[in-house]
Amino acid sequence: MAPMGIRLSPLGVAVFFLLGLGVLYHLYSGFLAGRFSLFGLGGEPAGGAAEPEGDGGAVDLREMLAVAVLAAERGGEEVRRVRESNVLHEKSKGKTREGADDKMTSGDVLSNRKMFYLLKTTFPTVQINTEEHVDASDKEVIIWNHKIPEDILKEITTPKEVPAESVTVWIDPLDATQEYTEDLRKYVTTMVCVAVNGKPVLGVIHKPFSQYTAWAMVDGGSNVKARSSYNEKTPKIIVSRSHAGMVKQVALQTFGNQTSIIPAGGAGYKVLALLDVPDTSQEKADLYIHVTYIKKWDICAGNAILKALGGHMTTLSGEEISYTGSDGIEGGLLASIKMNHQALVRKLPDIEKAGHQ
């Protein structure tokens, strides 16, 4: 007697095959749904762990600009929310070189967390320097949705790739903290800068309380422009509030009694004072001078914007500022646009000495 066997018809094979595919699809679609949901801004994977993307061989500066704008605005939301709550949790990180308290608030910390982790999650292989300490226990993963705003696409029509290892990002999560604690809101900004091989190539300055954002890319485009004219003979000079007295005497000797000094807070605010900014709270100046030590996250974004618009930011002795290595510069700074910058440097040989008096 022949052995019994089980024979499946072609139709039966097809049915089993389709059932198997259905099971696999059901299982895998749940996984994909969980992963794809992270591409919406604000999504976090379980456990708060960021997964590096790719080997980081190259990054697109146009994409970096889009994320930098978003980071500055997200940080600004935290800055505004904390200030409006009037619960700042203000404390001192120590003393500045001038002996003043180096203040920090919840606005600084929360803005820093939003800005740093958005940039780090999107560009995990680039170097990011930020003013505030990054606490790993507060890690937050915010995934960019890969949408570049129309105003950026209009100005910068093609990608601009550079090696990731050549890039350094500088973040200032809350510029003008002293003024922030005094509720002098117009001076406050959040800033992001991208430097390539130490040269500033794109900058973003965001004003949280007027919600104005200026951005520019060197050899790319911008959403801000220079004013039509500047007074080089008797300029309005914008300086730090604490430096007004020491700069005024030298400025009057150099430019005459018609020149004026504008005391202000925040390096970002001071750079915007040189530009055509549609913000009624923004003062206007012809020059920006700083006479003491300053951190690079305070000035990199402004330097990039000025450079993109044909302006200059150097030390007081006229040296270009490199945005690698140490986090500060010793030689003060001079910022101008549509002026003979080197002639200004030669006019102000003694102004740095004012910072050491």
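- Look at Lys270 and Asp175 and you find no salt bridge, because none of the NZ, NE, NH1 or NH2 atoms lies under 4.0 Å from a carboxylate O.
- Met104 forms part of a hydrophobic cluster together with Val109, judged by ILVMFWY side-chain heavy-atom separations under 4.5 Å.
- Between Val67 and Phe123 there is a side-chain heavy-atom pair separated by less than 4.5 Å.
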Requested in this report: Please step through salt bridge (Lys or Arg N to Asp or Glu O under 4.0 Å) for the pair Asp183 and Arg83, ending with a clear verdict.
Outcome: CA-CA 8 Å; Asp183 207 17; Arg83 181 60 267 184; 3.5 Å; yes

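- Across all their heavy atoms, Ala301 and Ile205 have their closest contact at CB-CG1, 4.1 Å.
- A side chain to side chain contact (heavy atoms under 4.5 Å, CB included) with Val79 holds for exactly one of Thr189, Leu110, Val188; it is Val188.
- Between Glu78 and Arg81 a salt bridge is recorded (basic side-chain N to carboxylate O distance below 4.0 Å).
- Between Lys338 and Glu232 there is no salt bridge, since no side-chain N of the basic residue sits under 4.0 Å from a carboxylate O of the acidic one.
- For Lys114, the salt bridge (Lys or Arg N to Asp or Glu O under 4.0 Å) partners at least two apart in sequence or on another chain are Glu140.
- Checked options Leu333, Ile238, Leu348; the residue passing with Ile289 is Leu348 (criterion: side chain to side chain contact (heavy atoms under 4.5 Å, CB included)).
- Taking both residues in full, the closest heavy atoms of Cys193 and Ala304 are given as SG-CB, 4.3 Å, listed atom of the first, atom of the second, then distance.
- We find that Lys103 and Glu182 are not joined by a salt bridge, their nearest charged nitrogen and carboxylate oxygen being 4.0 Å or further apart.
- Applying the salt bridge (Lys or Arg N to Asp or Glu O under 4.0 Å) test between Glu179 and each of Arg185, Arg241, Lys186 identifies Arg241 as the sole match.
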